[in-house]
Amino acid sequence: PGARPKAWVCCQFGAREHYAIPRALHRAGVLRTLVTDAWVRPGSPIGRLSARLSERFHPELAGVDVRALTARLVAREAGWRLSPRPEWETTMRRNEWFQRQSVRLLSSLRGEQVVFAHSYSARLIFRLAKARGWPTVLGQIDPGIAHFAIARRLAAEAPQFGPPPPEPPPRYFEEWRDECATADCIVVNSEWSRQSLAQAGIDPGKVTVVPLAYEPAVPSDSPRRSYPSSFTPGRPLRLLFAGTQSVVKGLPVLLEAMSALRGEPVTLRLVGERGMSIPPELVPRESVELVGPVARSEVMRHYGECDVLIFPSHSDGFGMVQVEAQAAGLPIVASRHCGRVAEDGRTGIVLSEVSPAVLTAAIRSLLEQPAMLARFSEAARSQRPSSVAALGAALLAAVPA
C-alpha cells in the first residue's frame, strides 16, 4: 500500500471557481484547514447586509475547519474605501493584508501539511511554510507576465479600441517570481499558461497542467440542439461571445470578422462587461446585439439560445465559459491561447491563429455547413468536463514525493 496522503491547508483569497480547490481536497479526504478572507454561513447577519458576502460559503465545506477573516475584512474594506488608491495599488494592499492575516492563523498549526495558495497572494504564506518544512503548491491563476505584454502590444496595434488596461507595478511581478521560486509545485490550468511561464523563465520542471473542474449546479443531460438545413435571414447563424469584451479576449478580431460577413445570415450576441471602446461602425444594429453583464443563470440561458460560442482569446489562463458552453451542448470556435476544451473537428474548431481572415473562414464554414454544427453539438453533449474529484486526484499527484 502507498503512503497516506499528507494533510493540506488551502489559503484562498476569494471564492475562486466556487471553492473548487478546497472542495477537491476535501473530497480526497486530505483538507485539514481552509483559510479564507470571508465565510458567511446561511442566516448570518453579515449575509443579510451584503449580497456579495452572502455568496461566500459552500455547503460541501460546512463541516471543514474554516478559519475566516470576515469581520476583519469588512473593517479593512471600509478603510480602503475611505482612502482610495490606484487600482493596482489597492489590489496589492489587499493581497498583502490577506497573506499577513493567513500567516497569523497558520502559525498555530502543528505537524506536517502541504500548503496551497493562489498566485499573487502566496509569498508571505510560503515563507512561513518553508520555515516549517511544509511543501508548497502555487495555483497560478493566469499566464503571468506574458499576458500583460500581449495586452500592451494589441492595444498599441489597435488604438481605436481604447488605451491598454493599467498594468501592475514592477513589484507585483517581482513578488510573483519570489512565489514561483519558493513553490515546490506550480499548478496551471492550460498548456498556454505553462508555455507563458516557461517564457518568463519559471522552472518548467515544477509546473503541472491541471484543467479547471466544472460541475453544473443541477446535473442533467443537455437537450439536443436543432439546426436548420440552411441558415437564412429569418433563421440566422447565432454566434455568442461571453466574457469581458476586451482587445486581449479577441473581440476586435471578431468584430472585423462580422464586418467581413456583413449581408450574410449571421448574428452576434455580446454578453459580458465592456472592457474596451467599440467604434459604432463595427456594431451594425441588425447583426450585433450588445447585452452587457448578466447574472450567471442568465448566461446559461444565452448558451441555450445561441448556436456556437466564439472564444478568440489572445491570452487566457483557461476560459471557463468554454466548459460551461460545452456542458450545454454548444459547439465552440476557440483559439489555442487558452484551456484546450474544444476538440478540433469533433466538438468545434480550434483556430490556427487569431486573425480576422482565419476567424471569418471558420464562421463561414459553419454558415455553409449546418450539419457540421449538429455533429459538433452531439459530440459536445457526450463530453464530460474535468470533475472536482478528478481535480483532487490531479493535485495530489502533482506534489513531489
Side-chain angles (χ1 to χ4, degrees), residues 154 190-192 222-243 245 247-272 282-284 286-289 302-316 319 321-383 385:
L154 293 171
S190 65
E191 177 63 21
W192 171 250
S222 58
R224 279 188 162 82
R225 292 176 175 270
S226 175
Y227 293 96
S229 57
S230 63
F231 292 109
T232 65
R235 173 55 173 96
L237 172 63
R238 300 169 300 203
L239 311 179
L240 173 66
F241 176 95
Q245 300 164 24
V247 175
V248 78
K249 293 281 189 181
L251 186 58
V253 172
L254 178 52
L255 292 175
E256 289 189 47
M258 287 298 294
S259 293
L261 293 164
R262 189 166 294 188
E264 302 278 0
V266 55
T267 63
L268 170 64
R269 188 179 299 184
L270 301 176
V271 177
L282 290 181
V283 190
E286 70 278 5
S287 59
V288 178
E289 179 186 2
H302 291 293
Y303 292 145
E305 293 178 352
C306 294
D307 296 317
V308 58
L309 176 76
I310 308 293
F311 195 76
S313 182
H314 292 275
S315 177
D316 206 291
V321 293
Q322 298 182 93
V323 181
E324 294 175 345
Q326 189 171 84
L330 196 64
I332 301 169
V333 175
S335 76
R336 301 177 184 275
H337 309 147
C338 55
R340 299 288 176 86
V341 177
E343 290 186 39
D344 191 40
R346 182 174 179 272
T347 62
I349 296 174
V350 178
L351 303 170
S352 59
E353 64 178 39
V354 182
S355 71
V358 170
L359 183 54
T360 300
I363 296 171
R364 183 164 279 125
S365 69
L366 299 176
L367 191 59
E368 295 172 351
Q369 304 174 71
M372 184 160 58
L373 276 170
R375 290 199 309 273
F376 288 167
S377 179
E378 280 299 300
R381 292 178 71 250
S382 66
Q383 194 82 1

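Being a predicted model, the structure only gives us computed values, none of them experimental.
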In the structure I gave you, are the side-chain heavy atoms of Ser287 and Val266 within less than 4.5 Å of one another anywhere? no
Quick check against the 3.5 Å criterion: does Thr347 have a side-chain atom that pairs as donor or acceptor with the backbone of Ala380? no
Could you give me the CA-CA distance, side-chain angles and deciding distance for Val333 and Leu239, then say whether side chain to side chain contact (heavy atoms under 4.5 Å, CB included) is met? CA-CA 10 Å; Val333 175; Leu239 311 179; over 6 Å; no
Side chain of Tyr303, backbone of Ala327: donor and acceptor closer than 3.5 Å? no
Measuring from atom CG of Leu373 to atom OG of Ser226, what distance do you get when rounded to the nearest 0.5 angstrom? 11.5 Å
Among His314, Met258, Glu353, exactly one meets side chain to side chain contact (heavy atoms under 4.5 Å, CB included) together with Val253. Which residue is that? His314
Atom pair CG (Leu251) and CG (Leu282), whose distance is rounded to the nearest 0.5 Å: 9.0 Å
If you compare all heavy atoms of Trp192 against all heavy atoms of Cys338, which two are closest, and at what distance to 0.1 Å? CB-N, 3.7 Å
How close do Arg346 and Phe376 get, counting heavy atoms only, and between which atoms? O-CD2, 3.2 Å
With Asp316 as reference, evaluate Lys249, Gln322, His337 under the side-chain hydrogen bond (donor to acceptor under 3.5 Å, both in side chains) test and give the passing residue. Lys249
I want to check something: taking the side chain as every heavy atom from C-beta on, are Ile310 and Leu359 in contact at a cut-off of under 4.5 Å? yes
With a 4.5 Å cut-off on side-chain heavy atoms, are Glu289 and Thr267 touching? no
Scanning both residues in full, the closest heavy-atom pair of Val323 with Pro385 reads CG1-CB, 3.5 Å
Distance, nearest 0.5 Å, that separates CD of Glu264 from CG of Leu367: 5.5 Å
Do you know the tightest heavy-atom contact between Pro331 and Ser377? CG-N, 3.8 Å
Any Leu254 side-chain heavy atom under 4.5 Å of Ile363 side chain: yes
Testing the basics here: between Val308 and Leu237, what is the closest heavy-atom pair and its distance to 0.1 Å? CG1-CD1, 4.4 Å
Let's go through Val288 and Leu270 carefully: what are the C-alpha distance in whole Å and the side-chain angles of both, what is the deciding distance for side chain to side chain contact (heavy atoms under 4.5 Å, CB included) to 0.1 Å, and is it a yes or a no? CA-CA 8 Å; Val288 178; Leu270 301 176; 4.1 Å; yes
Quick one, Phe311 and Val341 - any side-chain contact, counting heavy atoms below 4.5 Å? no
In short, Pro356 meets Ala257 closest at the heavy-atom pair O-CB, 4.2 Å
Got His302 and Leu330 here, is their nearest side-chain heavy-atom distance under 4.5 Å? no
Which of Arg225, Arg269, Arg238 passes salt bridge (charged side-chain N to carboxylate O under 4.0 Å, His left out) with Glu305? Answer is Arg269
Let me confirm one number: the CZ-CZ distance from Arg224 to Arg381, rounded to the nearest 0.5 Å. 4.5 Å
Can you find a pair of side-chain heavy atoms, one from Leu366 and one from Phe231, that are under 4.5 Å apart? no
When rounded to the nearest 0.5 angstrom, what distance separates CG in Leu268 from CZ in Phe241? 8.5 Å
Below 4.0 angstrom, N of the basic side chain to O of the carboxylate: do Asp344 and Arg336 qualify? no
